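Worksheet for the structure shown next.
Everything numeric here is computed off the predicted structure, so don't read it as measured data. Labels below follow one simple rule: chain letters A, B, ... track the order of the sequence lines, proteins then strands, and each chain is numbered from 1.
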Number of protein chains: 2
Amino acid sequence: MSSEEALKLENQTCFAVYACAKEITRLYQPVLKELGLTYTQYIAMLALWERDAVSVKELGERLFLDSGTLTPLLKKLEAQGLLTRGRDAGDERQLLIRLTADGRALREKALEVPEKVFCQSGVNVEMLMKIRSQMGELMTALQPVAAADKRGE
Amino acid sequence: MSSEEALKLENQTCFAVYACAKEITRLYQPVLKELGLTYTQYIAMLALWERDAVSVKELGERLFLDSGTLTPLLKKLEAQGLLTRGRDAGDERQLLIRLTADGRALREKALEVPEKVFCQSGVNVEMLMKIRSQMGELMTALQPVAAADKRGE
DNA sequence: TCAAATTAAATTGTATACAATATAATTTAA
DNA sequence: TTAAATTATATTGTATACAATTTAATTTGA
């Protein structure tokens with residue numbers, strides 16, 4: 001592709017992924033509103049439903065988010081009574097995030113979310129699976145770059 | 001997939017796309033810094049390099065962004081001297097965005113951006129093309145839903 | 001024709017994101 | 001052993017995003 005062609009909006013893979021991510025988030029919004037969660041809060045809860053009593057650091061690594069994003073987000077979830085934030089007795093630097101009974105209970109409602117969103121989406125399962133696997137490949141290809149960046153190379 | 005399986009973070013296509021979009025943006029950042037642009041400012045400039053003297057509404061439709069995002073972003077680009085913002089004489093409701101000479105000149109520097117980012121990415125062309133086409137398909141599938149939402153259905 | 005409806009931007013308010021910095025706790029190493 | 005380095009989280013500042021509302025201009029329709 002010529003550098004002229006490469007500069008066209010239509011040819012930007014980055015823009016295609018960026019636009020899809022926003023569109024998908026928009027799709028989740030009405031469904032998540034019933035749970036009182038935003039999209040980012042939802043993925044944080046998904047992570048916590050799988051593993052509880054984790055530090056902000058560990059949660060951030062799983063969600064690719066840093067403390068600047070997570071600290072206010074977790075405070076909001078704490079204010080909603082879904083989790084508690086308390087320092088680790090063994091290492092006071094770490095903050096342990098623990099779900100409350102309400103936080104665990106919300107999972108029952110959330111079980112319906114994927115199905116609801118899928119039905120609304122007008123997308124077939126094959127496309128979804130293909131996309132997920134390709135995003136996985138892309139992420140695997142990009143992660144070494146991201147890691148090198150973090151090390152300041 | 002069971003509803004239990006469907007709730008795992010690892011199985012979320014939405015999260016995969018969301019995480020990739022952020023990672024890609026991060027990849028562009030150091031390259032765009034040389035042009036003095038953020039990622040969103042860059043895609044706005046890409047659109048304007050292709051078609052100039054457009055309204056905020058038209059630009060927003062191409063970028064999937066609304067005036068709440070574009071108004072401050074365009075004011076920043078105006079402050080940098082890359083474009084001018086002026087009401088359309090024929091319809092004073094509309095604001096026409098026009099590139100300045102500096103704005104057009106920046107395109108020369110930007111011609112190198114796609115190549116630079118690609119080289120850093122460690123991704124091959126085939127994967128990129130496949131992803132772009134699939135994101136296009138997904139967007140096409142989702143757009144009717146988005147349009148219906150806008151109409152309040 | 002002119003009030004009501006529509007349209008385009010701007011504004012307000014809330015919620016991410018993340019770089020850079022600050023703070024406090026822990027670990028390392030001389 | 002204790003000062004220096006490292007680590008985990010919080011804070012600050014900037015830049016998106018977008019829903020909801022407001023404002024001003026234009027179009028529509030009785």
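For the pair Q41(B) and G68(A), both in contact range of DNA chain D, the more 5′-proximal nearest nucleotide belongs to G68(A). Checking K22(A) against D91(B), the closest nucleotide of DNA chain D that is more toward the 5' end is the one next to K22(A).
Under the 4.5 Å side-chain heavy-atom criterion for grouping Ile, Leu, Val, Met, Phe, Trp and Tyr, L32(A) is connected to L111(A) within one hydrophobic cluster. Both I97(B) and L73(B) are assigned to one and the same hydrophobic cluster, defined by single-linkage of ILVMFWY side chains at heavy-atom distances under 4.5 Å.
The distance from atom CG of L70(B) to atom C1' of dT11(C) is 14 Å, rounded to the nearest whole Å. Atom P of nucleotide dA15(C) and atom CD1 of I43(A) are separated by 16 Å, given to the nearest angstrom. As a whole-Å value, the separation of Y28(A) OH from dT16(C) P is 16 Å. Rounding to whole angstrom units, CG of residue L37(B) and P of dT14(D) are separated by 18 Å. The distance from atom CG of L59(B) to atom P of dA17(D) is 13 Å, rounded to the nearest whole Å. Summarising the geometry, the separation between NZ on K57(A) and P on dA10(D) is reported as 14 Å, rounded to the nearest angstrom. Distance E58(B) CD to dT7(C) P: 17 Å, rounded to the nearest Å. With rounding to whole Å, Y42(B) atom OH is found 19 Å from dA15(D) atom P.
Listed by residue number, the members of residues 77-89 of chain A with any heavy atom below 4.0 angstrom from DNA chain C form an empty set.
Within 4.0 Å of Q29(B), counting heavy atoms only, lie sugar-phosphate atoms of the nucleic acid but no base atom. Within 4.0 Å (heavy atoms only), S55(B) reaches sugar-phosphate atoms of the nucleic acid but no base atom. Among the atoms of the strands shown, base atoms are found under 4.0 Å from some heavy atom of D66(A).
Scanning for salt bridge (charged side-chain N to carboxylate O under 4.0 Å, His left out) contacts around E126(A) gives an empty result, with sequence neighbours left out.
Of all heavy-atom pairs spanning I24(B) and C14(A), the tightest one is CG2-CB, 3.4 Å.
With distances taken from any side-chain atom of K76(B) to the nucleotides dT16(C), dA25(C), dA15(D), the minimum falls on dA15(D). Relative to the side chain of E92(A), the nucleotides dA25(C), dT7(C), dA10(C) differ in distance, and dA25(C) lies closest. For L65(A), taking side-chain heavy atoms from C-beta onward, the closest of the listed nucleotides dA15(C), dC18(C), dT6(D) is dC18(C).
Applying the 4.0 Å criterion to OP1 and OP2 of dT26(D), one finds that Q94(B) has every side-chain N and O outside that range. Taking 4.0 angstrom as the limit, K75(A) places a side-chain polar atom (N or O) nearer than this to OP1 or OP2 of dT11(D). Considering only side-chain N and O atoms, T40(A) lies nowhere under 4.0 angstrom from the phosphate OP1 or OP2 of dA15(C). Here T69(A) does not reach the OP1 or OP2 of dA17(C): none of its side-chain N or O atoms lies under 4.0 Å away. At dA19(C), one or more side-chain N or O atoms of R26(B) fall inside 4.0 Å of OP1 or OP2 (strictly under the cut-off). Between Y18(B) and the phosphate of dT16(C), there is no side-chain N or O to OP1/OP2 separation shorter than 4.0 Å.
Contact check on E4(A) versus R107(B) returns a salt bridge, with a Lys/Arg side-chain nitrogen under 4.0 Å from an Asp/Glu carboxylate oxygen.
The partner of dA20(D) is dT11(C), judged by Watson-Crick or G-U wobble contacts that both fall below 3.5 Å.
Other residues, nucleotides and ligands contribute over 12 non-hydrogen atoms within 6.0 Å of the NZ atom of K22(A).
One can find a donor-acceptor pair under 3.5 Å joining the base of dA10(D) and the side-chain atoms of S67(A).
A distance-only check finds no donor-acceptor pair linking the side chain of S67(A) to the backbone of L70(A) [under 3.5 Å].
Identified under the side-chain hydrogen bond (donor to acceptor under 3.5 Å, both in side chains) test for residues 44-53 of chain B, with sequence neighbours left out: R51(B)-E58(B).
Under the 4.5 Å side-chain criterion, counting only non-hydrogen atoms from C-beta, E112(B) is not in contact with V31(B).
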